[in-house]
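The chains referred to below are lettered A, B, ... by the order of the sequence lines, with proteins before strands, and numbering in each begins at 1.
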Amino acid sequence: MTNKEVADILERVGQVLEIRGENPFKARAYYSAARTIENLGEDINRTVSEGALSDIPGFGEALTKKVTELVTTGRMGYLDEIMEPLPEGILTLLKIPDVGPKKVRVFYDSLGIGSIDELEEAASDGRLAKLAGMGEKSQAGILDGIRLYRRYQGRRLLSDALGPAEHVLREIKKIAGVKRASLAGSIRRRLETIGDIDILAASDDAPGVVRAFTELDGVERVPAAGDTKGTVIFAPGIQIDLRVVEDRSYAAARHYFTGSKEHNIHMRRLAVEHGWKLNEYGLFDGDTMLPARDEEALFAHFVMEAIPPELRENTGEIEAALRGKLPDLVETKNVRGLVHIHSSWSDGKMSLQELGRQIKRRGFTYFVLSDHSKAVTIANGLTESRVRRQWEEVARVQEHLSRFRIFRSIEVDIMRDGSLDYDDSLLSQFDCSIAAVHSGFAMSSQEMTARIIKAVSNPYVDILAHPTGRLLLQREPYAVDIEAVLQACADNDVAVEISAHPLRLDLDWRYVKAAKDIGAKFVVSLDAHDPEDLDYLAFGVGVARKGWLEKADVLNCLTAQQFAKRLSDRRRGL
DNA sequence: GCCGTTTTCGGCCCGACTGTTTTCAGTCG
């Protein structure tokens, strides 16, 4: 089972416990365990087989036993047991806004509702409004929520949310009385998919700011608006929450609303250990607020380094900050060259000339041309003879580009047996080659792992592209022992791609830190086909930062000369 | 269900908003 699958089961256990009305802290223990496994950065199967599960905080006797059972047998008897009287679809009800475990229980006990369809029916014919604690408004709200859920399924890509978020933030900053404002929540942490957009503002007139927010152009509906906080549905169907606090609370509120939830709980526990209290209004010693103008000052009270938002996932960042051991994270401006660029020779939209012009204009000093190899016929992959003709054109274009270099590379296909689409004699003549899987996704994990490891063991492979093949919200990663693959990359000095393409963001940040720890190097690459793809770099850098990477871990932070030297040194060392 | 530099029992982060309520439960983040 994958970490995600195990986490999902633990999540379900927590939800069922809540619906059954059991100790909420017991449910929380399962939720917390789910988050831990999801963000573990290590294959849970390995953790279990090494007997290391019980070393992880939050895993006591019971959870260790149950997760071990789940991983080794594929089932958890306890979940079957507590699910026993309940219909399979009942947990999907929790995906509807304003429907939580208590209401699910009432709906099921009173009306036998066990699916979203049944909930919709009961809301449509008025039965829901008659239940205890319900009314006409709640019933209408649930119908609305079902429509919204069906349209968007709750999440969208970071790249799709960022535009509207920044637009609305600009509008909020224009509202009279707003002193400062910023994005918060998962969008600020640069999570790859976003549920809703959180924005924070400082003002002495919170109600006035909330009102103005709900009246902005583009607001479709206003599910909630109070004195300090409002929620709107913004076209096209994105939920935006605004919270307004006094300026003196801004730092604490910004920290609080950025999360993650687990990070916040950990920080609050730390505050309690100091005898303080931390909430969104400030850090308090009794009734005295410990002043903090910004988040840096807030962290300083704890005698710890300021934790960048991307790291706030409670995966060790608080411990590291207390020891003064946080990484000096890579920044977008550190990147000198763009990697994994397609041209119109295969399925890209831009000519070599245009690529040179566009990329140089953006301030980069080199790019790594990487069209498809011949096996990817649908993408007009290059035959051997077309490769040679492309090189001639590269030479011609290069002549007209001063202090700018085009690296001759290829995105060479990894065949089903792990061999490569070109023979070594051709590969050896490229400056660099990027190996990638584009077909045969359905094979077993053992086969896929062996296939990729064989490919990265080829001495002429320099980079492994999109290592898991996932497409966010569209396609799950293929089955593969990603840790074994990353180990092979580290052993063979093959750089691991972090695809900045918003639909990929692959390698997943959850594995980046672990890969770094075993000695892997990375490129933050674009997989660019269109001109707009050239502007996606920051999304990849976001993943690198979430994976604790520094400038020295990312090869395309090297200058063109250094990058060239690294490639040639590597090949000379063969 | 987890956890412990006072604790192996008794805590577990904390507040806003809504709707259905006469003082609060449920949901959300």
Side-chain angles (χ1 to χ4, degrees), chain A residues 10 13-15 17-19 21-34 36 53-54 56-67 78 82 93-107 128-142 144-145 154 184-189 191 194-200 206-207 210 214 222-232 239-245 249 252-253 255-273 275-284 314:
Chain A
L10 292 171
V13 173
Q15 290 171 337
L17 290 172
E18 283 201 287
I19 290 170
E22 305 208 15
N23 182 354
F25 295 105
K26 185 169 168 179
R28 182 190 292 178
Y30 280 92
Y31 291 139
S32 154
T36 301
L53 196 56
S54 58
I56 301 173
F59 287 81
E61 204 182 322
L63 268 165
T64 299
K65 193 158 162 251
K66 289 185 174 111
V67 171
Y78 181 59
I82 57 178
L93 299 179
L94 294 169
K95 294 184 186 297
I96 308 302
D98 296 325
V99 176
K102 301 287 162 51
K103 283 185 185 163
V104 168
R105 180 84 219 185
V106 172
F107 297 162
L128 227 46
K130 298 193 181 74
L131 295 177
M134 295 289 295
E136 293 295 337
K137 277 194 153 178
S138 308
Q139 179 171 271
I142 283 175
D144 241 18
S186 50
I187 206 165
R188 184 168 178 237
R189 300 202 312 280
L191 212 53
I194 300 294
D196 56 23
I197 294 168
D198 295 302
I199 300 179
L200 174 71
V210 171
T214 61
V222 184
D227 284 343
T228 66
K229 147 178 194 187
T231 297
V232 304
Q239 179 173 320
I240 306 183
D241 293 338
L242 172 69
R243 182 67 184 266
V244 187
V245 297
S249 294
H255 175 262
Y256 175 72
F257 288 107
T258 296
S260 65
K261 190 171 181 168
E262 288 73 21
H263 170 92
N264 285 353
I265 290 174
H266 194 155
M267 285 298 296
R268 285 181 172 194
R269 243 191 352 247
L270 211 57
V272 171
E273 283 170 24
W276 303 329
K277 185 173 81 165
L278 179 63
N279 58 29
E280 61 262 55
Y281 297 106
L283 178 62
F284 297 91
N314 199 34

Seminar exercise, completed: Between A:Pro223 and A:Val232, the two heavy atoms sitting closest are CD-CA, 3.9 Å
Problem set entry | Integer angstrom distance from the C1' of B:dT18 to that of B:dT7 | 40 Å
Exercise. How would you label the contact of A:Glu22 with the nucleic acid (heavy atoms, under 4.0 Å): base, sugar-phosphate, or nothing?
Worked result: nothing
Exercise. Is there side-chain contact between A:Leu63 and A:Leu10, with at least one heavy-atom pair below 4.5 Å?
Worked result: yes
For this session: Taking all heavy atoms of A:Ser186 and all of A:Asp196, pick out the closest pair and write down the distance.
Result: OG-O, 4.3 Å
Exercise. How is A:Met134 classified with respect to the nucleic acid when contacts are heavy atoms under 4.0 Å: base, sugar-phosphate, or nothing?
Worked result: sugar-phosphate
Problem set entry | Residue pair A:Ala27 / A:Gly14: nearest heavy atoms and the distance that separates them | CB-O, 3.5 Å
Exercise. To the nearest angstrom, how far is A:Gln139 atom CD from B:dT18 atom C1'?
Worked result: 16 Å
Exercise. Quick one: on DNA chain B, does A:Trp276 or A:Gly133 contact a more 5' nucleotide (nearest heavy atom)?
Worked result: A:Trp276
Problem set entry | Contacts of type side-chain hydrogen bond (donor to acceptor under 3.5 Å, both in side chains), residue A:Arg243, not counting sequence neighbours | A:Glu280, A:Tyr281
Exercise. With sequence neighbours left out, what residues match A:Glu18 under side-chain hydrogen bond (donor to acceptor under 3.5 Å, both in side chains)?
Worked result: A:Tyr31
Exercise. Looking only at atom C1', what distance separates B:dT20 and B:dG4, rounded to whole Å?
Worked result: 42 Å
Problem set entry | Span that lies between the C1' atom of B:dG26 and that of B:dT21, in whole angstrom | 13 Å
Exercise. Taking for each residue the nucleotide of DNA chain B with the nearest heavy atom, is it A:Gly230 or A:Ala132 whose nucleotide lies nearer the 5' end?
Worked result: A:Gly230
Exercise. OP1 or OP2 of B:dG1 sitting under 4.0 Å from any side-chain N/O of A:Ser32?
Worked result: no
Exercise. Which part of the nucleic acid does A:Lys66 contact within heavy-atom distance under 4.0 Å: base, sugar-phosphate only, or nothing?
Worked result: sugar-phosphate
Exercise. Say you pick atom P in B:dA16 and the same atom in B:dT22; how far apart are they, in whole Å?
Worked result: 23 Å
For this session: Kindly indicate whether the side chain of A:Thr231, heavy atoms from C-beta on, has any atom under 4.5 Å from the side chain of A:Gln239.
Result: yes
Using nucleotides 2-5 of chain B, report all nitrogen or oxygen pairs with the protein that are shorter than 3.5 Å.
residue: B:dC2; atom: OP1; partner: A:Gly60; partner atom: N; Å: 2.7
residue: B:dC2; atom: OP1; partner: A:Gly60; partner atom: O; Å: 3.4
residue: B:dC2; atom: OP1; partner: A:Leu63; partner atom: N; Å: 3.1
residue: B:dC3; atom: OP1; partner: A:Gly58; partner atom: N; Å: 2.7

Exercise. Is the closest side-chain heavy-atom distance between A:Tyr256 and A:Asn279 below 4.5 Å?
Worked result: no
For this session: Kindly state each residue pair satisfying side chain to side chain donor-acceptor pair (under 3.5 Å) with at least one member in residues 129-138 of chain A, sequence neighbours excluded.
Result: none
For this session: Let me have a per-nucleotide readout for nucleotides 23-29 of chain B, 5' to 3', with B, S or -, counting only protein heavy atoms under 4.0 Å.
Result: ---SSSB
Exercise. Less than 4.5 Å apart, any side-chain heavy atom of A:Phe257 and any of A:Asp241?
Worked result: no
Problem set entry | Any A:Tyr281 side-chain nitrogen or oxygen under 4.0 Å from OP1 or OP2 of B:dA16 | yes
Exercise. Taking the same atom, P, in B:dC2 and in B:dC13, what whole-Å distance lies between them?
Worked result: 16 Å
For this session: Send over the distance from A:Leu200 CG to B:dG15 P, rounded to a whole Å.
Result: 17 Å
Seminar exercise, completed: d(A:Ile265 CD1, A:Asn314 CG) to nearest 0.5 Å is 8.5 Å
Exercise. Which base sits across from B:dG10 as a Watson-Crick or G-U pair, both distances under 3.5 Å?
Worked result: B:dC3
Exercise. Taking the same atom, C1', in B:dC3 and in B:dT8, what whole-Å distance lies between them?
Worked result: 9 Å
Exercise. OP1 or OP2 of B:dT20 less than 4.0 angstrom from a side-chain nitrogen or oxygen of A:Ser138, does that happen here?
Worked result: yes
Problem set entry | Minimum side-chain heavy-atom gap A:Asp227-A:Val210 below 4.5 Å | no
Exercise. Do the side-chain N or O atoms of A:Asn279 get closer than 4.0 angstrom to the phosphate oxygens (OP1, OP2) of B:dG15?
Worked result: yes
Exercise. Nearest-Å distance, CG (A:Leu10) to P (B:dG1)?
Worked result: 12 Å
For this session: Locate the shortest heavy-atom distance separating A:Leu278 from A:Arg268; write the atom from each residue and the value.
Result: O-NE, 3.0 Å
Exercise. Across the strands shown, which category fits A:Ala225 at heavy-atom distances under 4.0 angstrom: base, sugar-phosphate, nothing?
Worked result: sugar-phosphate
Might you list the N or O atoms of the protein lying below 3.5 Å from N or O atoms in nucleotides 8-12 of chain B, with each pair's distance?
none

